[in-house]
Protein chains: 2
Amino acid sequence: MFIELDLQSETPLYEQLMNQLIEGIASGALKPGDPLPSVRNLAENLGINLHTVNKSYTLLKQDGFLQVHRKKGVVVQPDAMPGVTAEFEAKLVRQLRSLAAEAAVRGMTEEAFVTQCRKLYGDTIMKRGGDGQ
Amino acid sequence: MFIELDLQSETPLYEQLMNQLIEGIASGALKPGDPLPSVRNLAENLGINLHTVNKSYTLLKQDGFLQVHRKKGVVVQPDAMPGVTAEFEAKLVRQLRSLAAEAAVRGMTEEAFVTQCRKLYGDTIMKRGGDGQ
DNA sequence: ATATCTGTTATATAATATATATAACAGATA
DNA sequence: TATCTGTTATATATATTATATAACAGATAT
């Protein structure tokens, strides 16, 4: 798992980290049951604060993507991943609607937009079933 | 143009307003050259501050979606709408990648995801060419 | 001309979000 | 015992968001 944070980005660090961890799970780089670095360790490696990493872990735990074993520490959800909840569906619709509208106004055709969507889905899960790098 | 702001949402008011104006242009409810309410008027109608509306207008103007005529006030871009810039392309990829990854992890198939993308594109521009309500 | 409306700018304030810093706690581990 | 774990508490600094009040110059209508 290579994690790269953009300190210049307007996207909060804890959110960038959450996204990259989910992308790691999607790609197979992070498999169910895999241990994650401790909050202190990862924070030091990324050059950020312990609490920023802890916030990402805590939110991902609340969403069901991570679990905390008193023994093993933080691990990728070993059982069933969370499904398509109403909350996620709402977020998906809200964000896709904004992106689709702007794409349309900018002259992007439906096919170009849909093709881009399909490509990005395919890219993120390309490694699934492989050895996870 | 019906604009509804969610005061509970974590999405900033000025961003909600920007999104809905772009969606209005995409749907055809707002046509090139159409006048927009004054910042004071719209602010009062929405029950928010003048500067919040002004921020939305200013950002949309910077992006090329709106123009300010010293005479006509603020109007929808009457000439060519902005195209698919490198900046928009980057935003599109960044946001779609995060959404696609989470959708995949939650068990949403590529077809279900792509279908949702196509549907939302179609919905927003459905009214194009019509009388724009 | 007077009054009113326009976008725009300046200044100030309050609330919230983000990120860091330091410290401590209980449970697990070597 | 010493060290590591996630977790919680407290404090601070900065940036973002939203509001409030005021003023300016250009345009419009009475």
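Quick note on labels: first sequence line is chain A, next is B, and so on, each numbered from 1.
Contact of the A/L120 side chain with the A/T124 side chain is not registered, since no non-hydrogen atoms from C-beta on lie closer than 4.5 Å. A/V75 is not listed as a side-chain neighbour of A/L66, based on a closest heavy-atom distance of 4.5 Å or more. Side-chain contact between A/Y57 and A/L42 is present, with at least one heavy-atom pair separated by less than 4.5 Å.
For B/F88, there are no ring-ring contact (aromatic ring centres under 6.0 Å, His included) partners at least two apart in sequence or on another chain.
Rounded to an integer number of Å, the gap from A/L7 CG to D/dA15 C1' is 15 Å. If you measure from atom CD of A/E10 to atom C1' of D/dT14, you get 17 Å, rounded to the nearest angstrom.
Taken residue by residue, residues 41-63 of chain B places heavy atoms nearer than 4.0 Å to DNA chain C at B/H51, B/N54, B/K61.
Salt bridge absent: A/R118 and A/E111 never bring a charged side-chain N and a carboxylate O closer than 4.0 Å.
Annotation: salt bridge (Lys or Arg N to Asp or Glu O under 4.0 Å) contacts involving residues 39-49 of chain B, sequence neighbours excluded, are absent. Residues in residues 77-105 of chain A take part in these side-chain hydrogen bond (donor to acceptor under 3.5 Å, both in side chains) pairs, two or more places apart or across chains: A/Q67-A/Q77, A/E89-B/Q116, A/K91-B/E102, A/S98-B/N19, A/E102-A/R106, A/E102-B/K91.
Listed here is the closest heavy atom pair of A/D6 and A/Q8: OD1-N, 2.9 Å.
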Each base of DNA chain C marked ( ) or [ ] if paired in-strand (Watson-Crick or G-U under 3.5 Å), | if paired to another strand and . if unpaired gives ||||||||||||||||||||||||||||||
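One finds the CG atom of B/L30 at 6.0 Å from the CG atom of B/D34 (value rounded to the nearest 0.5 Å).
Contacts between chain A and DNA chain C, taken as any atom within less than 4.0 angstrom of a protein heavy atom, begin and end at C/dT18 to C/dT29.
Checking side-chain atoms of B/D63 against main-chain N and O of B/F65 turns up no donor-acceptor pair under 3.5 Å.
Each of B/E15 and A/V74 lies near DNA chain D, and the nucleotide nearest A/V74 is the one positioned closer to the 5' end.
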